[in-house]
Amino acid sequence: MKSNRRNFLKLGGLAGFSLVGANILKAIESPTSKNINSNLDSIRDQAVKQRSQIFNMCGYAAPKLDSIRVGFIGLGNRGPSHVSNLSLIEGVDIKALCDILPEKAEKTKKSIEGAGFAPEIYTGNVDAWKKLCEREDLDLIYIATPWNMHTPMAVYAMEQGKHVCIEVPAATTLEECWQLVETSERTRKHCMMMENCCYDFFELLTLNMARQGFFGEIVHGEGAYIHNLLGSNFSKTVYWDMWRLRENADRRGNLYPTHGLGPVCQVMGINRGDKLDYLVSMMSKDFLMNETAKKLAVSDGFYRPYVDRPYRGNMTTSTIRTSSGRTIMVQHDVTSPNVYSRIHKVSGTKGSALKYPLPGKISVEDNWVSEEEYKAIEEKYTPEIIKRIGVIAKQVGGHGGMDFLMDWRTIDCLHNGLALDQDVYDAALWSSIAPLSEWSVANRSNSIDIPDFTSGSWKSNLPIDLLLEKGGNTGIVQKNIK
């Protein structure tokens, strides 16, 4: 009863807000039922696309940058935290900020004035981000805008000679996934999707354990994004121009797979010794989103266009088989009142690990190890990045420190001319699960092939560096840590 009352009050309060800036940006169209259905018709062709690799970006080390000049596009929910993180890292020069809403850009600029940065602001019109990308004094551009803007902005930035870091997901269609790959290869510019969950402490621990053979042969993995965002999706203020609600209203599938999938793919060496082969996806019906729209529309006409839309179902479950015979399960539910979970299950022939929704646990054979045994395992297998930066990362914060680990490691790689931990093939592959799942759901959960974005180079690509054998020397500006 207490939970129901809280949800009722939360949803009831949404109708009282006014939307600022609605319908400002029309240059990049939002998804509609018509173009989503059109896209579904082409997904199978895109899934089996064959191409010759222009240049292998896996393991590619761009020339090192002593000073990394950075611009940021999108300063709503995720962008400001990246700006804050980079203001703490030595050798970073924050030169430009862009948001469609001037107040967002100004607020972010003010937040880093004490750190000695005076970035130029780009705002006020739909092409302002292009002006930022065209600057000749930028090396790296962070993109933290609504999903359907990620690929167009990233492609344009790479074509202007910039490395790019994109918030998740990197793309929403298979065409966009291929576009990212081909542009990154052609320009030889890094395109990293900022999958922060790959830098969570338990995920990094299990990755190193798997690399060292603790689990034996990896058999199965599970990941998820189970997070109740019902109130946020219907809020007029949380997501600019209701973009996330519209994604959920017009697309039916596993829309946000990368948080759970990314760490499991790294454990299995996907794109680096193994590849995802095919998937099937099944989705429940929508039990809550349309009902919520109807309730809100009774007293607020703003919500009437959201009534009776083809909402994605509460739970979508996708199962994947890899070329080497492993399996992966990925779930998505951002509507039901569940406890937050990314699952993160690793199952092998000698042991297993499981984190969510309870604290992380490790088993040997059929039993969870004791707390004392867990601490010994943690001490033995904690990777070098956590030993060097973990304490500071937790102090800075950002999802427990994993955001800062990710940002620091990315800058460290660019400083030292090293390959990034996540490349464009990871960005494309992990993002592709969403449109592929949409096709499977629309076709009675039939299987669909998963594209090989590496064009066969997965057979020889090397795993990411967990030991920091090179680099790891980028400093932290301690005085800027609040």
Side-chain angles (χ1 to χ4, degrees), residues 49 51-70 91-92 133 138-143 150-151 153-168 170-171 176-195 198-199 207 211 258 262 265-266 268-276 385 405-432 451-474:
K49 179 177 177 177
R51 60 181 285 276
S52 297
Q53 191 175 65
I54 301 170
F55 179 82
N56 189 3
M57 291 299 293
C58 183
Y60 171 65
K64 67 179 182 179
L65 299 167
D66 294 328
S67 175
I68 301 174
R69 303 165 298 177
V70 190
V92 170
C133 292
L138 294 179
D139 305 299
L140 171 66
I141 294 176
Y142 270 65
I143 298 168
H150 288 177
T151 293
M153 290 178 170
V155 167
Y156 192 80
M158 285 188 281
E159 288 176 341
Q160 302 304 312
K162 315 302 191 294
H163 300 300
V164 294
C165 290
I166 321 171
E167 264 298 341
V168 299
E176 288 184 341
C177 291
W178 283 114
Q179 192 177 10
L180 288 174
V181 169
E182 291 164 1
T183 305
S184 180
E185 289 181 352
R186 175 169 45 81
T187 61
R188 299 194 183 188
K189 293 300 176 182
H190 289 302
C191 178
M192 177 176 173
M193 181 175 69
M194 306 299 283
E195 184 37 79
C198 289
Y199 293 87
L207 173 58
R211 191 77 65 80
T258 70
C265 282
Q266 289 190 336
M268 292 185 176
I270 301 300
N271 286 341
R272 297 164 177 83
D274 197 1
K275 76 177 185 72
L276 303 185
I385 186 173
L405 279 178
M406 173 180 66
D407 285 328
W408 175 86
R409 175 59 175 162
T410 303
I411 295 300
D412 184 63
C413 288
L414 293 173
H415 268 319
N416 289 282
L418 303 175
L420 303 187
D421 293 342
Q422 300 172 39
D423 56 41
V424 69
Y425 308 115
D426 300 318
L429 180 65
W430 303 349
S431 299
S432 75
D452 173 18
F453 294 101
T454 74
S455 300
S457 67
W458 63 270
K459 298 174 183 177
S460 57
N461 288 339
L462 298 177
I464 63 173
D465 175 22
L466 276 175
L467 302 178
L468 298 190
E469 293 178 345
K470 297 180 180 179
N473 55 358
T474 298

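For the single chain, residues carry numbers from 1 onward in sequence order.
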Checklist entry - Would you say Thr187's side chain and Gly161's backbone share a donor-acceptor pair under 3.5 angstrom? => result no

Item to check | Derivation and outcome, side chain to side chain contact (heavy atoms under 4.5 Å, CB included), residues Asn271 and Cys265 | outcome: CA-CA 8 Å; Asn271 286 341; Cys265 282; over 6 Å; no

Item to check | Atom pair NZ/OG of Lys49 and Ser455 - distance to nearest 0.5 Å | outcome: 9.0 Å

Next on the checklist: Ignoring hydrogens, what is the shortest heavy-atom contact between Ala427 and Ser431? Give both atom names and the distance.
Outcome noted: O-OG, 2.7 Å

Checklist entry - Do Pro451 and Trp178 come within less than 4.5 Å of each other through their side chains, counting heavy atoms only? => result yes

Next on the checklist: Within this structure, what is the CG-OH distance for the pair Asp407 and Tyr199, rounded to the nearest 0.5 Å?
Outcome noted: 9.5 Å

Item to check | Quiz item: cation-pi between Arg186 and Phe55, 6.0 Å / 45° | outcome: no

Checklist outcome for this item: In short, Leu140 meets Cys165 closest at the heavy-atom pair CD1-SG, 3.8 Å

Item to check | Spacing of CG belonging to Leu420 relative to CE belonging to Met406, to within rounding of 0.5 Å | outcome: 12.0 Å

Checklist entry - If we ignore angles and hydrogens, is there a donor and acceptor under 3.5 Å between the side chains of Asn461 and Tyr425? => result no

Checklist entry - Does Leu414 reach the side chain of His190, with side-chain heavy atoms less than 4.5 Å apart? => result yes

Item to check | salt bridge (Lys or Arg N to Asp or Glu O under 4.0 Å) assessment of Arg69 paired with Asp139 | outcome: CA-CA 5 Å; Arg69 303 165 298 177; Asp139 305 299; 3.0 Å; yes

Checklist entry - Considering only heavy atoms from C-beta outward, does the side chain of Cys198 approach that of Trp430 to under 4.5 Å? => result yes

Checklist entry - Hey, what do you get for CD (Glu195) to OG1 (Thr258), rounding to the nearest 0.5 Å? => result 4.0 Å

Checklist entry - Do Glu185 side-chain atoms and Met57 backbone N/O form a donor-acceptor pair below 3.5 Å? => result no

Item to check | With sequence neighbours excluded, residues passing salt bridge (charged side-chain N to carboxylate O under 4.0 Å, His left out) with Asp465 | outcome: none

Next on the checklist: I need the Cys177 SG to Glu182 CD distance, nearest 0.5 Å.
Outcome noted: 11.0 Å

Checklist entry - Any idea which heavy atoms bring Asn416 and Lys64 closest together, and the distance? => result C-CB, 3.6 Å

Checklist entry - What are the two closest heavy atoms between Ile464 and Arg211, and how far apart are they? => result O-NH1, 3.0 Å

Checklist entry - Within the distance-only criterion (no hydrogens, no angle test), does the side chain of Ser184 pair as donor or acceptor with the backbone N or O of Val181 below 3.5 angstrom? => result no

Checklist outcome for this item: Rounding to 0.5 Å, atoms CE (Met194) and CD (Glu167) come to a distance of 7.0 Å

Checklist entry - Looking only at heavy atoms, which two atoms of Leu180 and Cys191 are closest? And how far apart? => result CD2-SG, 4.0 Å

Checklist entry - According to the salt bridge (Lys or Arg N to Asp or Glu O under 4.0 Å) rule, which pairs have a member within residues 416-432, sequence neighbours left out? => result Arg272-Asp423, Arg272-Asp426, Arg409-Asp421

Checklist entry - Is there a side-chain contact between Val70 and Leu138 (heavy atoms, below 4.5 Å)? => result no

Checklist entry - Considering all heavy atoms of both residues, which atom of Gln53 and which atom of Ser457 are nearest to each other, and what is their separation? => result NE2-OG, 3.4 Å

Item to check | Residues Lys275, Thr454; criterion side chain to side chain contact (heavy atoms under 4.5 Å, CB included); working and verdict | outcome: CA-CA 9 Å; Lys275 76 177 185 72; Thr454 74; over 6 Å; no

Checklist entry - Taking the side chain as C-beta and beyond, is there a heavy-atom pair between Ile385 and Trp408 under 4.5 Å? => result yes

Next on the checklist: Has His163 got a side-chain atom pairing as donor or acceptor with Lys189's backbone, closer than 3.5 angstrom?
Outcome noted: no

Checklist entry - Sub-3.5 Å donor-acceptor pair from the side chain of His415 to the main-chain atoms of Leu65, do we have one? => result yes

Checklist entry - With no hydrogens and no angle check, is any side-chain donor or acceptor of Asp412 less than 3.5 Å from a backbone partner on Thr474? => result yes

